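Written below as structure tokens is the structure these notes are about.
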Amino acid sequence: SAVISQKPSRDICQRGTSLTIQCQVDSQVTMMFWYRQQPGQSLTLIATANQGSEATYESGFVIDKFPISRPNLTFSTLTVSNMSPEDSSIYLCSTRAEDTKGGQYFGPGTRLLVL
Amino acid sequence: DAKTTQPPSMDCAEGRAANLPCNHSTISGNEYVYWYRQIHSQGPQYIIHGLKNNETNEMASLIITEDRKSSTLILPHATLRDTAVYYCIVSSGGSNYKLTFGKGTLLTVNP
């Protein structure tokens with residue numbers, strides 16, 4: 001299985017600012033995913049990021065608010081822009097798990113609190 | 001992808017088997033059943049997946065009914081560290097590889 005790390009592990013930010021979350025994988029992967037988990041809720045997919053192409057966003061999520069970069073096959077970033085308290089969530093990245101017929105492996109998450 | 005239904009919570013005694021049910025009555029022929037769990041404050045952890053045959057690995061067993069409309073995840077000897085939210089997900093694993101997480105089952109293992 002892939003080992004996925006995220007930075008920062010947690011942060012407290014002021015409203016109106018932006019935060020960039022990094023996701024590093026220990027092997028080359030074709031597909032990476034970004035999820036949001038609001039307090040007490042389940043995971044919601046934000047976007048799918050493939051290397052060399054624009055990210056594909058799910059309904060309700062837009063590039064201006066959540067710009068994503070995918071510069072190579074082991075790394076991706078998600079930026080949460082112009083933050084408000086409603087953006088307080090856990091943000092998780094994941095990768096396609098080649099050995100699970102379509103499953104995914106997840107990073108530990110980034111806990112964001114916006115004041 | 002087909003929708004799943006899980007009980008919101010279950011309890012299990014430490015050392016006993018935990019049997020977590022999932023209903024997926026609208027599953028289609030090319031869709032897999034995946035199970036994940038999320039221990040508090042951690043990222044989801046892949047447990048097991050199956051198409052139509054029962055599957056077993058070092059973590060758990062997955063029993064899928066013959067009509068594939070429901071399945072059961074079995075943790076043979078639950079420990080306190082198995083306390084987590086367990087998610088049953090149905091997906092075709094197709095080109096978009098999306099996983100749609102429902103609310104899952106909170107399994108509490110009691111000493």
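In the text below, chain A, chain B and the rest are named by the order of the sequence lines, each starting its count at 1. Predicted model only: the values in this text are computed from it and were never measured.
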R10(A): which residues meet the side-chain contact (heavy atoms from CB on, under 4.5 Å) condition with it, sequence neighbours left out?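 For R10(A) the side-chain contact (heavy atoms from CB on, under 4.5 Å) partners, ignoring immediate neighbours, are R111(A).
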List the residues meeting side-chain contact (heavy atoms from CB on, under 4.5 Å) with T5(B), not counting sequence neighbours, and say none if there are none. N23(B)
Heavy-atom contact with chain B under 4.5 Å, split by part of L43(A): both
Heavy-atom cut-off 4.5 Å, strictly under: side chain, backbone, both or neither for E58(A) against chain B?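 The answer is the side chain of E58(A).
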Taking D87(A) first and then R15(A), would you say they form a salt bridge - that is, a charged N and a carboxylate O separated by under 4.0 Å? no
Side chain / backbone / both / neither for Q38(B) at chain A, heavy atoms under 4.5 Å: side chain
Report yes if the side chains of L62(B) and W35(B) come closer than 4.5 Å at any heavy-atom pair, otherwise no.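 The answer is yes; the side chains approach within 4.5 Å.
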